[in-house]
Amino acid sequence: MLGCGAVSDPSTPQHASEAAGEPAGAEAPARLRELIAERREAMDALRARGLDPYPPGGGRLDRVGDVVARFDGELDGDPEPAAGAEPAAGAGPHPAALAPGEDSGEAVRVAGRLVATRGHGKLAFLVIRDGDDEVQVMARLDRLGAEGFALTDDLHEGDWIAAEGTLARSKRGEPTVDADAVTIVGKALRPPPDKWHGVREPETRYRHREMDLAASQEARAMVRARAVLLAALRAELDERAYLEVETPLLHPIPGGANATPFVTHHEALGVDLYLRIAPELYLKRLVVGGLPRVYEIGRVFRNEGLSTRHNPEFTMLEAYQAHAGYGEMMALTQGLIQRAASALAEAGLREGGLVTRFGEAEVDLSGDWPRRPLLDLVAEAVGVERLDLGDRARLAELCAAHRVPIEDRWGAGKLALELYEKLVEPHLWEPTFVIDYPVEVSPLARRHPDDPGLAQRYELIIAGRELTNGFSELTDPDDQRERFEEQARAKAAGDAEAMPIDEDYLAAMELGLPPTGGLGLGVDRLLMLLLGRESIREVVAFPTLRPRG
RNA sequence: GGGCCGUUAGCUCAACUGGCAGAGCUCCGGACUUUUAAUCCGGCGGAGCAGGUUCGAGCCCUGCACGGCCCUCCA
C-alpha cells in the first residue's frame, strides 16, 4: 500500500490510483505530479546510464556520527579509526588536526539522506543525514570524472546516497568527505517537506509521520524517547527479578478492566474474539501457575472516544508480584517512574532530572510520594469530617451539592468515586498515591482488612492525570465470583463496561492464587508526562485517526 | 455525541472593507571548483468538496469531508 493516493488532496480517493494500477502519485495534485515526474525523469536518466536507483545494501559503511566524531578528536587515542576505516598511517594528519583545505587521506564510506545540495558548477556540496548526524560530501568534477560527477545533476533532496572518499576539511574548515565516488542508493520520488520548517500541519504529521521524522529532529527524538523509556522500565523490572511474558491479545472474554472492547472474528473457529482491554487476568493465571514475578509490556485496545489523552490502542505495563501487597507495588511504581525520568534525562531526551515541566507548571518527581486515602481526599474537598460509604443518601446529597451528575443504579462507592474524580483528581498536581478505593468500583481488588467496603487499591496521580492503577489482588475465589456476579448484574442493567464472568479465571483462582500485588501503568501517559507533551498523539508514532476517503 | 476554530502552490507562510491571489523553500533552465538555509539570472505551479448570495467571493451564507482544542466518555 505504498505511495497510493494523495497526502494533501482529500478529494482524491486513495484507491483510485491502485485500482487503475497507475504509478505512485498518479492521482496527486498537479504540482505534486510534476515534481514526481521530474524525479522520475532523473531516475530514468540514471537507468539509461546503467545505474540502479534502488541497489541492494551491504558492504563497508561508516556511520556519519563516527565520521564527524573523528573531526572532533573524540576518538583520539582510540587505536581504531572510525568504525571499519582503513589504517591511514602516514597518509596525512589526523582529521581533528586538519587545516582548512587539507586532506587526511583517511578513507570512509558514508551513506544517508540528501538533505541539501549546494552546486558550484564543477563542484557540489551534498549534505547527507544519517540518523541525527549530518556531514557534507564534496563532489568534484576533477576527482569524480565527468561520468561520476554527472550523477549530481540527477540527484534530488530526499534521495538516499552513499559516498566513498577521504576525510578532509573544506577551505572554510567544514568537516567534509571528499568523494572519490558518489552513488545513489534509494531514489526519492516524492519531495521531502520544507527543509527549514518541516511539516507543521498536525494532520500530515500524524498521518505521515515519516514526513515529520524526515524533517524534524524533535520528531525523531520522540521515537527514541519511547525506546529509552521502555528499556528503562524493563531494566528496572529485570533487576527486581521480574520475568517478561506475553499473553494473548485475542480474548474470548474481555476482562481485567472496565472498558468497551473491540470485537473481531476468527473464521476457522467461527467465533468472535475481543482485542484485549487488559492482560491482567492472564498474568495472574501465570502467578497461579507458579511464576512469582511477571510483567508484560504491550498494547491494549479500548473502544472509546479519541482525545488528547486517549488513543484506542495504547501501551500498558502490568506487573504482578506474589506475596506482595499494594504497598510494595506503590514502591515499585515510584521506582519505575523515577528511573524512567532519569534515563530520559541521561539520554538527553528531556531536561530537568526528576523535575518535569507540564503545561504551565513543573512537577517534582523526586522523593517518596504521599499516600492519601480516597475518602479522606473527598471529605476534604467537600468540607466534611468524614465520609461513610454506608450512607448512600448523604453521598447523593453531596453529589447534588457539588453538581456531580449521578445515576440511580450507582451505589455509595460509585458516588464517592464520582466525587473524587470530579472534585479531587484534576487538582492533584504533585505525585500522589490515592489509596483505598470502594470495593464496588474495584472488582478485582482485595478487601481492606479494616473496612470491607474498601479495597486495597491505589492510583498514582500526577499533574491531574491518572498514570497507574494497582492493588493487592483479590485471591479469594468465592469473593471473586460474587464480584463478577455483581458486575454481571450491572452489565445486565446497561453498564456496557462492566465485566463478564470469566469462568476460566475463576478456575485458576480456585487452583490457588497466592497473595499478590499488581500494577498497571499507562506507558504513553508516562511518556507524555516526562516529555511535557499534552497530547497523546505527540508520543505515539502513528496515532489513530479517521481514515481518509 | 456537543461547542469553538482551522483547511490558500508538494512544504512553510502572506494578502486592504468583497475588486487581477503573493513570497521563501522545493522543482525546471542558465552561471559558478569551497559552500554552510550558498549566491545570481530566468521559469513552472494554487483557493478542501458541493451549493448559494453578489456585477464580482480566498473573504459573506448553507451543507459535507478532514483536522486541532475544549466538553462528554474513558485510562
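Keep in mind that what you see is a predicted model, and the values were worked out from it rather than measured. Letters go in sequence order (proteins before strands), and every chain restarts at 1.
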Contact class for [X] vs. all strands (heavy atom < 4.0 Å): base, sugar-phosphate, or nothing?
| X | value |
| --- | --- |
| A/Y206 | sugar-phosphate |
| A/N311 | base |
| A/R537 | sugar-phosphate |
| A/G158 | nothing |

From the list [options], which nucleotide is the closest neighbour of the side chain of [X]?
| X | options | value |
| --- | --- | --- |
| A/P191 | B/rG10, B/rU33, B/rG68 | B/rG10 |
| A/E203 | B/rU72, B/rU26, B/rG67 | B/rG67 |
| A/R39 | B/rG10, B/rU26, B/rU34 | B/rU26 |
| A/K122 | B/rG67, B/rU33, B/rU36 | B/rU33 |
| A/H197 | B/rU12, B/rC73, B/rU26 | B/rU12 |
| A/K195 | B/rA37, B/rC69, B/rG10 | B/rA37 |
| A/R140 | B/rG10, B/rC66, B/rU33 | B/rU33 |
| A/E174 | B/rG10, B/rG67, B/rU36 | B/rU36 |
| A/H156 | B/rA75, B/rC28, B/rG10 | B/rC28 |

Partner lookup for [N], please. Criteria are Watson-Crick or G-U wobble with both distances under 3.5 angstrom; report none if nothing qualifies.
| N | result |
| --- | --- |
| B/rC4 | B/rG68 |
| B/rA15 | none |
| B/rA57 | none |
| B/rU33 | none |

* Show your reasoning for whether ring pair (Phe, Tyr, Trp, His ring centres under 6.0 Å) applies to A/Y326 and A/F471. => CA-CA 5 Å; A/Y326 69 159; A/F471 23 89; 9.4 Å; no
Establish, with yes or no, whether the OP1 or OP2 oxygen of [N] is under 4.0 angstrom from a side-chain nitrogen or oxygen of [X].
| X | N | result |
| --- | --- | --- |
| A/R207 | B/rG67 | yes |
| A/S307 | B/rC73 | no |
| A/T308 | B/rC70 | yes |

* **Face-to-face contact A/W196 to B/rG24 six-ring, under 5.5 Å, under 30°** => no
* Asked: Between OG1 of A/T356 and CD1 of A/I337, what distance do you get to the nearest 0.5 Å?
  -> 11.5 Å
* Asked: Which distance, rounded to the nearest 0.5 Å, do you find between the NZ of A/K187 and the CG of A/L51?
  -> 11.5 Å
* Side chain of A/D194, base of B/rG10: donor and acceptor closer than 3.5 Å? -> no
* Asked: Does A/R31 get its side chain close enough to the base of B/rC44, under 3.5 Å, for a donor-acceptor pair?
  -> yes
Same-atom distance ([atom1]) from [N] to [M], integer angstrom:
| N | M | atom1 | value |
| --- | --- | --- | --- |
| B/rC60 | B/rG67 | P | 24 Å |
| B/rG10 | B/rG45 | C1' | 10 Å |
| B/rC11 | B/rU7 | C1' | 15 Å |
| B/rU17 | B/rG56 | C1' | 15 Å |
| B/rC25 | B/rA14 | C1' | 15 Å |
| B/rU26 | B/rU33 | C1' | 25 Å |
| B/rU62 | B/rU53 | P | 15 Å |
| B/rG48 | B/rC44 | C1' | 23 Å |

* To do: Assign each of A/T544 and A/L306 to its nearest nucleotide of RNA chain B by heavy atoms, then name whichever residue's nucleotide is nearer the 5' end.
  => A/T544
* **Residue met sooner reading RNA chain B from 5', once A/R200 and A/A116 are mapped to nucleotides** => A/R200
* With A/F433, which of A/I461, A/L428, A/T333 fulfils side chain to side chain contact (heavy atoms under 4.5 Å, CB included)? -> A/T333
* To do: Would you check if the side chain of A/D130 reaches a backbone N or O of A/G112 as a donor-acceptor pair within less than 3.5 Å?
  => no
* Between A/Y458 and A/T468, do the side chains contain an N or O donor and an N or O acceptor separated by less than 3.5 Å? -> no
* **Side chains of A/N469 and A/R457, donor plus acceptor under 3.5 Å** => yes
